[in-house]
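To start, the structure under review is shown below, and the notes come after it.
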Protein chains: 4
Amino acid sequence: MTQQVEPPPISRLERKRNKKIDEILAATNEVLRDKGYDSINLEEVADKVDLTKASLYHYFSSKEELLTSCLDRVAEDAATRMRRVLEKYEDSPASVRLEQLVLEHLLIVTLDYPHVSELFTKRLKWPYAYRAQVKRMRSEHDKFFRDVIEDGLRTGEFVCDDPDLVRRCLYGAINGVPVWLTASSERAVRDLCDRLTPILLKMLTAE
Amino acid sequence: MTQQVEPPPISRLERKRNKKIDEILAATNEVLRDKGYDSINLEEVADKVDLTKASLYHYFSSKEELLTSCLDRVAEDAATRMRRVLEKYEDSPASVRLEQLVLEHLLIVTLDYPHVSELFTKRLKWPYAYRAQVKRMRSEHDKFFRDVIEDGLRTGEFVCDDPDLVRRCLYGAINGVPVWLTASSERAVRDLCDRLTPILLKMLTAE
Amino acid sequence: MTQQVEPPPISRLERKRNKKIDEILAATNEVLRDKGYDSINLEEVADKVDLTKASLYHYFSSKEELLTSCLDRVAEDAATRMRRVLEKYEDSPASVRLEQLVLEHLLIVTLDYPHVSELFTKRLKWPYAYRAQVKRMRSEHDKFFRDVIEDGLRTGEFVCDDPDLVRRCLYGAINGVPVWLTASSERAVRDLCDRLTPILLKMLTAE
Amino acid sequence: MTQQVEPPPISRLERKRNKKIDEILAATNEVLRDKGYDSINLEEVADKVDLTKASLYHYFSSKEELLTSCLDRVAEDAATRMRRVLEKYEDSPASVRLEQLVLEHLLIVTLDYPHVSELFTKRLKWPYAYRAQVKRMRSEHDKFFRDVIEDGLRTGEFVCDDPDLVRRCLYGAINGVPVWLTASSERAVRDLCDRLTPILLKMLTAE
DNA sequence: GATGAATGAGCCTTCATTCAT
DNA sequence: GATGAATGAAGGCTCATTCAT
C-alpha cells in the first residue's frame, strides 16, 4: 500500500529497520482506530509489536513524532490512491470520476484508516500539535473533489450555484459513513457506494 | 431552556442545589467545547464554577456521572427544542419543517453544544462508557428527521428511493458544518441554512 | 532562621501549609546536601516528609520551582544573616567586620546549607535553569565582602593593590572549607575561624 | 602529555587499541567539562569519537570504569606536570617553586581539565564511586604544595604558624579561579598568575 | 571490533478519587 | 456543603547495559 521511492540501494539492515517502522506505524493505526488521537498510549502500541515503550524510541524520537509520521504516511497513501483513481478514469465523465473518488475515499476511511475520518470531522482543538499537518492534509484531499466538481461544472455535466457548499455537504455525507457503517468488507463498501452516489449526485444536478 | 419536571414541592435548599448542578453542567459544556470528551479534566470544570475538584463530588459521584448527566441534559434540551420547532410548524409542508429542523440542529451543534456534533460524528470507541446513552440520543434525534421525511414522502412532496440513506447523508452534511464554520452568530447560522437547505432538499427531490 | 514578613493575618490553615512548605524545603536542603543539584530526585524529598511524589505538587508546581524556592529561601536567609552581622558590628573596625562576615559565611556553608558552597564554587553549566538566580545570589553575597574591604581600604586599615582579586582569593579560601571540614559543630567552626582570619587578613595587609 | 610505561613490546593492534582509548578519554574529558560528573552521558562521549554507546563497552566495562580511568589519566598527567615543574626549578627558592606550581595548577584546572577543579572543590557525596580515588588524587596533589611550603619554612623563606591551613587557603583560592575566569588562553592564565602570586605569598610571610 | 536493537529501572508529571476537618 | 491534603495509577521519556549479528 505504501511505496518506497528512495533510489539508492538499501542495505539489508535498513530494510529490516524500515519493515519494523512499517509494523509500528501499522500498530499505531490500529490503536488510533480503537482509542483515537487523544487517548492513544505508547504502551499499547509497543505491546502490539512486541516491544517495550522504551524501544519505540529507537524508531521515533517522541510520541508526537510517531503520530506525525503515522499521519504523514496515511496522507501520502491516501493521496496516492486518489491520484491513481483519477489517472485510471481520466477519460471518463466527471460524474464517474466523482463516483470513483467517493468510493476510494470510503474505502480509505472505513477499511484502511478509520481514524482518518475523525481528523476530517473533528474541530481541531487548541493546542493541537498536528493542526498544521491536518489542515494541509484536509486541503490536499479537498482538492481532488474540488477539481472534479469544477470540471463537471465547466462541461455542463454538473449544475450548481454554490459548488463549495455542495462539496462540503458531499464531504460531510461521506465522512459520516464510518459512524454508522461497521465491520465493512470491500464488497459492502462498494455496494453502499452504488446506492450513495446517485443521492450525492443529485446535489450537483439541476432539477 | 432546561426544564424541571418534578411535581413534589421543592425545598429552598434543593432549589439551590439544583441551581448549582445547572451551573456545573453548563461549565462542563464549555470545557467539553474546548477540550472534547477525551481531554476534559475536572479541575477546569471546578474552576469555572468556583469550586474545588473535591466539591464536585457532592453533586456527581464520579467524572463519568458528570459527563453522563451533561449528555442527558443536552439530549433533553435538544429534543425539547426540536419538538417545539415541529409544533410551531406543524401545519407547514414537510420541506419547511425539514428546513426548520436543520436550522435548529445547526444552532444546537454550532452555537450551543459544539461538542455534540462530535458525538454524532465519532465512531464510538471501546470501552465507551456513554455508548448506550449516545446511541439512544442519536436515534431519538434521528427520529425527528425520519418522521418529517416519511411524511414528505407520503404526501409526495419528497421523492426518494432510499430515505434512510438520504437521511444519513443529510445528517452527515449538517454535522460536518461545525468542522469548518467557526465563530458563528445566530445570524450567520441562519444565513448558512438558507443556502444549505436548497442543496439538501435536492437529495429528496426527483430529477 | 527564616522570617515571615507578611503583614496580613494568616489563617490557621495557611500557617499549617507554610509549615509544611518549610518542612519540604528543609528536606530538600538535606537531599541537596547529599546528592547535589544534578542528582536530587523528588522521591527522596517526598520520603523525608512522609509524602508521595505526587503530593509535593500540592506545594510546588514542578521540580524546578521547588529547587528555585529552596534557593531563594537560602539566599534570603543568608543575606539576612550577613546583614545582621554588619549591623551588630557596625562601629567596629573593618577587620573585625570582615572576620565576622567570614565566620557567618562559614556557618552558613558548613552547618546550615552545605550545598550552597557548591553553587559558589561550581562553574555554571549550560543549560542551567538556575543560572540567573545563582548569579544574582553570588553577586549579592559578594557585595557584603566588597563593601567591607572597600571601607577598610578607605580608612587605611587595609592595604592592597588589587582588592577584587584579593576578595576572590578570600572567597575561594572560605568556600574551600566545606570540602575538607566535616561533621562540624558551631564550636568547631568558630575555632577554625579564629585560626583562619589572621591568615586571610594578611592578604589585605602591607608587608 | 600522557605517557605509556608498559615495557613489553606492544603489538600494532594493541597500539591501535590504546590510541582509541586515548581518544575516548579525551572525549570524556571534554564532555565532563561541559556537563560535569553528574550529568555526563555515554551517548555524547560515543558521538565525539564516532562510535556507538555499545562500542564503548569494548574499551571500558562500565560507565564507572570509564570515568575512573579518565580520572586516573588526568591525575597521572597532572602529577607528571607538577613533578616536571619541580625538576625544572629545583634550584630556585621556594617562593619561585610555589609560584610555578600555582601556575601549572591553574593551567591544568582552567585550560586542560576544567572539571578537575570540581573534584577539588566539591564535597564527596555518598555513595561516591570515585571517593577513594579522588581522595588519593587530592592528597598526592597536595603533597607538591606541602613539600614546597615545608621547604620554604625550613629555610626561613616562609613564615607561618599554621602551614596546613595556609595551604588549604591557597588551595581554595586557586581552585576558585575557574569559577569566574572563562575563555582563558595560556597568556591570560600566566598574567593572572603574576597578579595572584604576590597576594598568595603574603599568607606565607611575616608582617 | 562494531553496532543496531532491545530493555529495565528510574524520573517527572497528571489526574480522578478519597478523606478528615 | 466545602475544601485542602493526600495518593495510586498511569503515561512519556532517558539511559546504562546486554546481546545477537
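Because the structure is a prediction, the values reported are computed rather than measured. Below, chains carry the letters A, B, ... as their sequence lines are ordered, and counting in each starts from 1.
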Open item on the list: Tell me if the side-chain of A:Lys53 makes a donor-acceptor pair with the base of F:dG12, cut-off 3.5 Å, by modelled atom types.
Closed with: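 Side chain to base: pair present.
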[X] side-chain proximity, nearest of [options]:
X	options	value
A:Thr52	F:dG12, E:dT7, F:dG4	E:dT7
A:Asn41	E:dA6, E:dG4, F:dG12	F:dG12
D:Leu42	F:dG4, E:dT3, F:dA16	F:dA16

Within this structure, what is the [atom1]-to-[atom2] distance between [X] and [N], rounded to whole angstrom?
X	N	atom1	atom2	answer
D:Leu56	F:dT17	CG	P	11 Å
A:Glu65	F:dG12	CD	C1'	14 Å
D:Ile40	F:dC15	CD1	P	12 Å
C:Asp47	F:dA6	CG	P	14 Å
A:Leu51	E:dG4	CG	P	17 Å

Task: B:Ser55 side-chain N/O to F:dG1 phosphate OP1/OP2 under 4.0 Å - done: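 No, outside the criterion.
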TODO: State whether C:Tyr59 places a side-chain N or O below 4.0 Å from either non-bridging phosphate oxygen (OP1 or OP2) of F:dA6.
DONE: yes
Open item on the list: Any strand counts, and the cut-off is 3.5 Å on both contacts for Watson-Crick or G-U wobble. Which nucleotide pairs with F:dT21?
Closed with: E:dA2
TODO: Could you please name the partner base of E:dT13, counting Watson-Crick and G-U wobble pairs only when both distances are under 3.5 Å?
DONE: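 E:dT13 is paired with F:dA10.
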Open item on the list: Heavy atoms only, 4.0 Å cut-off, all strands: where does C:Leu66 land among base, sugar-phosphate and nothing?
Closed with: nothing
